[in-house]
Visitor: 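This is the structure, below, for whatever I ask next.
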Amino acid sequence: MKFLFRSLLFVNALIVISCTSKTKQQKVKDKPTNFVIVFVDDMGYGDIGCYGATGFATPNLDRMAAEGMRFTNFYAAQPVCSASRAGILTGCYPNRIGVSGALFPHSDTGLHPNETTIAEMLKEKGYATGVFGKWHLGHHKKFLPLQHGFDEYVGLPYSNDMWPIGVDGKRHPVGKGAGKHPDLPLIEGNEVAEYITTLEGQDKLTTLYTERAVDFINRNADKPFFVYLPHSMGHVPLGVSDKFRGKSEQGLYGDVMMEIDWSVGEIEKALQVNGISENTVFIFTTDNGPWLNYGNHAGSSGGLREGKTTSWEGGQRVPFIVKWPKLTPPGTICNQLACAIDILPSFAKITGTKLPELKIDGVDITGLWKGNVDLKPRKDVLFYYGKNNLNAVRKGNWKLVLPHTWSSYNTKPGSDGHGGPRKQMKVETSQLYNMMRDPGEQYNVIAYYPERAEELMEIVNAARKELGDLNVGLESGTGTREIGKK
């Protein structure tokens, strides 16, 4: 009888545990989906192990790709800092909303208050929103994250090289060159928390951003949240904590990438500990390609042509990994076209949130994330750069490069934090490349496929009408809007 009684108690305990577990699982399943975006600065297409990186390891990112989906034809919104950030947060081509290039400490412009960010969109559904890292969409208070839908912000308002300290750690003469910049402000909320005045001060940034993001996740695990983690690294000057300094075969840049990979692991660990990993869309991507003239302090384009600030593939094609447990088939590779501007409408689809009232350019790519990799939600990608210059367009496997000028990296690079020279180049007449056979853009085949060029020119002409193209004297188009002004 005693044995029977104990057996019944054991069975009842198992039933209670099972029911409790199922209840917890059901609660997680019924909760709105969380979103995390890790957005890295100046990291090239070839700077992750599963994309071919050498000289350092990225086990967390490789695991994320193995458990999720890796894209091979994903593009940043533009190949430069501020414009790229405007695109990922608003779902718009940056030139549509007046954002171009990189904003500086003396700039009096920023993201217009009429533009809707991912954070503002999700706030309508009751999401907690936090950004930890580089903002670069205007440093004046009216442009900072708290005025664009974020509840919390810790980070730099612009690039970490926009300060008066040289590569040697010494201060530039006041009022001359970089000496015109103020000390680098680390902002919390709307106020400066401290100023970074030494190279050693930059070593803490990756860990600081990560710890604040993890803390935000821990505090908001019981409600839906959106974490945007735009790392300052690997933009020069490179900074890395003692945990990773000297750890890679590649040197300081490899150390920085290893710490970025650690950051991804810490975020995943926080999601797991809080039991919300399976209810979170976790995205990793970068703002543009590598700044190649910095030599051993720059990343790898993975064999693609050129790098940051160019409209060649190395400037704008970037890594993209998405993990959406139970919905994204593990280990999937997606070869379809996609762009950073597609993230906002995809989050809107998942949450059932209405799209911004003002026109956007992104499309819903959640079908791809769910494993339907034969879908083609994005038909083409426009390559704008400069103030408003349309330099190329891609549709399917074909890319038409239009006449334009660019600064080439085909010169001797610098090293150890010093940038090398770049060479001014010009595309005199349109060029056509087959991206499937020639991702390195080495063989112009326009003479053999003139009909393809004509097809792509139809997209170009429509874009010029709506968004403008300074290459042909069109400063704006019928669909462009103004940047925010102080």
Side-chain angles (χ1 to χ4, degrees), residues 37-42 77-78 80-90 94 97-113 115 117-120 129-165 171-172 178-199 201-213 216 226-239 286-288 291 308 483-486:
I37 299 176
V38 177
F39 197 52
V40 181
D41 204 325
D42 290 0
Q78 268 196 31
V80 69
C81 299
S82 295
S84 181
R85 283 161 172 71
I88 196 170
L89 285 177
T90 68
I97 58 178
V99 180
S100 61
L103 300 179
F104 281 80
H106 59 263
S107 299
D108 285 332
T109 55
L111 188 61
H112 198 288
E115 304 300 339
T117 66
I118 292 175
E120 288 172 307
T129 56
V131 50
F132 309 97
K134 173 180 170 180
W135 176 241
H136 216 175
L137 289 171
H139 66 281
H140 296 289
K141 182 177 178 180
K142 68 178 294 184
F143 302 129
L144 290 177
L146 268 58
Q147 284 63 253
H148 285 287
F150 287 97
D151 298 321
E152 298 182 22
Y153 167 49
V154 177
L156 303 184
Y158 35 71
S159 295
N160 62 319
D161 66 337
M162 296 178 181
W163 68 334
I165 309 301
R171 186 174 292 271
H172 289 285
K180 296 179 181 178
H181 294 325
D183 287 328
L184 197 59
L186 180 67
I187 296 177
E188 182 159 4
N190 284 323
E191 306 299 329
V192 176
E194 65 175 283
Y195 287 96
I196 297 175
T197 59
T198 65
L199 290 168
Q202 299 220 23
D203 291 340
K204 67 181 182 182
L205 291 178
T206 299
T207 293
L208 172 66
Y209 298 160
T210 304
E211 290 176 345
R212 295 302 292 263
F216 182 87
F226 166 47
V227 171
Y228 174 47
L229 179 52
H231 280 293
S232 292
M233 302 302 156
H235 196 291
V236 293
L238 298 178
T286 74
D287 68 340
N288 47 246
W291 212 350
K308 172 180 176 174
I483 193 172
K485 297 177 181 177
K486 184 181 175 183

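Just so it is clear, the values below take in all heavy atoms, side chains as well, and ignore hydrogens, waters and symmetry mates.
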Visitor: Any non-hydrogen side-chain atom of Ser100 less than 4.5 Å from a side-chain atom of Pro94?
Guide: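 No, every pair of side-chain atoms sits at 4.5 Å or beyond.
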Visitor: Ile187 versus Val154: any side-chain heavy-atom pair under 4.5 Å?
Guide: no
Visitor: To the nearest 0.5 Å, what is the distance between CZ (Phe150) and OG1 (Thr129)?
Guide: 6.0 Å
Visitor: Tell me which pairs pass side chain to side chain donor-acceptor pair (under 3.5 Å) where either residue lies in residues 102-113, with sequence neighbours left out.
Guide: Asp108-His140
Visitor: In terms of side-chain geometry, is the basic nitrogen of Arg212 or Glu152 positioned less than 4.0 Å from the acidic oxygen of its partner?
Guide: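 No salt bridge links Arg212 with Glu152.
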Visitor: Kindly give the heavy-atom pair with the smallest separation between Ala86 and Leu137, and that separation in Å.
Guide: N-CD2, 3.7 Å
Visitor: Do Arg85 and Val99 have side-chain heavy atoms sitting under 4.5 Å apart?
Guide: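 No, side chains not in contact.
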Visitor: Indicate the atoms forming the closest heavy-atom contact of Pro182 with Pro164, along with that distance.
Guide: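 Residues Pro182 and Pro164, closest heavy atoms: O-CD, 3.1 Å.
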Visitor: Determine, step by step, whether Phe216 and Val227 satisfy the side chain to side chain contact (heavy atoms under 4.5 Å, CB included) criterion, reporting the C-alpha distance in whole Å, the side-chain angles of both residues, the deciding distance to 0.1 Å, and the verdict.
Guide: CA-CA 8 Å; Phe216 182 87; Val227 171; 3.5 Å; yes
Visitor: Under the criterion side chain to side chain donor-acceptor pair (under 3.5 Å), which of Asp42, Asp287, Asn288 is the partner of Lys308?
Guide: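 It is Asp42; the other options fail the test.
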Visitor: Between Val40 and Met233, which heavy-atom pair has the shortest distance, and what is it?
Guide: CG1-O, 3.2 Å
Visitor: Between Glu120 (side chain) and Thr117 (backbone), is there a donor-acceptor pair under 3.5 Å?
Guide: yes
Visitor: Indicate yes or no: at least one non-hydrogen side-chain atom of His172 is less than 4.5 angstrom from one of Lys180.
Guide: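 A side-chain contact is absent here, since even the closest heavy-atom pair is not under 4.5 Å.
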Visitor: Should Leu186 and Val192 be marked as a side chain to side chain contact (heavy atoms under 4.5 Å, CB included) after you check the CA-CA gap, both sets of side-chain angles, and the distance that decides it?
Guide: CA-CA 6 Å; Leu186 180 67; Val192 176; over 6 Å; no
Visitor: Distance check, rounded to the nearest 0.5 Å: Leu208 atom CG versus Asp203 atom CG?
Guide: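 Answer for the CG-CG pair, Leu208 versus Asp203, is 12.5 Å.
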Visitor: When rounded to the nearest 0.5 angstrom, what distance separates OG1 in Thr197 from OH in Tyr195?
Guide: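 Interatomic distance, Thr197 OG1 to Tyr195 OH, rounded to 0.5 Å: 11.5 Å.
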Visitor: Evaluate the side chain to side chain contact (heavy atoms under 4.5 Å, CB included) criterion for residues Ile97 and Ile483: first the C-alpha distance (whole Å), next the side-chain angles of each, then the deciding distance (0.1 Å), finally the verdict.
Guide: CA-CA 6 Å; Ile97 58 178; Ile483 193 172; over 6 Å; no
Visitor: After noting the C-alpha distance and the side-chain angles of Gln147 and Asn190, does the key distance pass the side chain to side chain donor-acceptor pair (under 3.5 Å) rule?
Guide: CA-CA 9 Å; Gln147 284 63 253; Asn190 284 323; 3.0 Å; yes
Visitor: What salt bridge (Lys or Arg N to Asp or Glu O under 4.0 Å) pairs are there with at least one residue in residues 136-151, not counting sequence neighbours?
Guide: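 The answer is Lys123-Asp151.
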Visitor: Decide side chain to side chain contact (heavy atoms under 4.5 Å, CB included) for His231 and Val38; before the verdict, give the C-alpha distance in whole Å, the side-chain angles of both, and the deciding distance to 0.1 Å.
Guide: CA-CA 7 Å; His231 280 293; Val38 177; 3.9 Å; yes
Visitor: Are the side chains of His148 and Leu89 in contact, using a 4.5 Å heavy-atom criterion?
Guide: no
Visitor: Compare all side-chain heavy atoms of Phe143 with those of Leu111 and state whether any distance is below 4.5 angstrom.
Guide: no
Visitor: Report yes if some heavy atom in the side chain of Asp183 is under 4.5 Å from a heavy atom in the side chain of Ile196; otherwise report no.
Guide: no
Visitor: Might you point out which heavy atoms bring Pro185 and Pro157 nearest each other, and give the distance in Å?
Guide: O-CD, 3.2 Å
Visitor: Tell me the closest heavy-atom pair linking Val131 and Pro145, and the distance in Å.
Guide: CG1-CB, 3.5 Å
Visitor: Where the side chain of Asp41 meets the backbone of Cys81, is there a donor-acceptor pair that is under 3.5 Å apart?
Guide: no
Visitor: Please check if the side chain of Tyr228 supplies one atom and the backbone of Pro230 the other of a donor-acceptor pair under 3.5 Å.
Guide: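 Between the backbone of Pro230 and the side chain of Tyr228 there is no qualifying donor-acceptor contact (under 3.5 Å).
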Visitor: Please round to the nearest 0.5 Å and tell me the distance separating atom NE2 of His139 and atom CG of Leu156.
Guide: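 Rounded to the nearest 0.5 Å, the NE2-CG separation comes to 13.0 Å.
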Visitor: Can you tell if the side chain of Phe39 reaches within under 4.5 Å of the side chain of Thr286, non-hydrogen atoms only?
Guide: no
Visitor: Could you go through Tyr209 and Ser232, starting from their C-alpha distance and side-chain angles, then the distance that decides it, and tell me whether this counts as side chain to side chain donor-acceptor pair (under 3.5 Å)?
Guide: CA-CA 9 Å; Tyr209 298 160; Ser232 292; 2.9 Å; yes
Visitor: Mark yes or no for whether Trp291, through its side chain, and Gly234, through its backbone, hold a donor-acceptor pair below 3.5 Å.
Guide: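 Not at all, since once roles are kept as given, no pair shorter than 3.5 Å links the two residues.
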Visitor: Starting at CH2 of Trp163, measure out to OG1 of Thr198 and round the result to the nearest 0.5 Å.
Guide: 6.0 Å
Visitor: Quick one: closest heavy-atom pair of Leu146 and Gly189, and the distance?
Guide: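 The answer is CD2-CA, 3.9 Å.
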Visitor: Please report the interatomic distance NE2(His136) to OH(Tyr158), rounded to the nearest 0.5 Å.
Guide: 9.0 Å
Visitor: For the side chain of Ser159 and the backbone of Met162, is there at least one donor-acceptor N/O pair under 3.5 Å apart?
Guide: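 Looks like no, no N/O pair under 3.5 Å.
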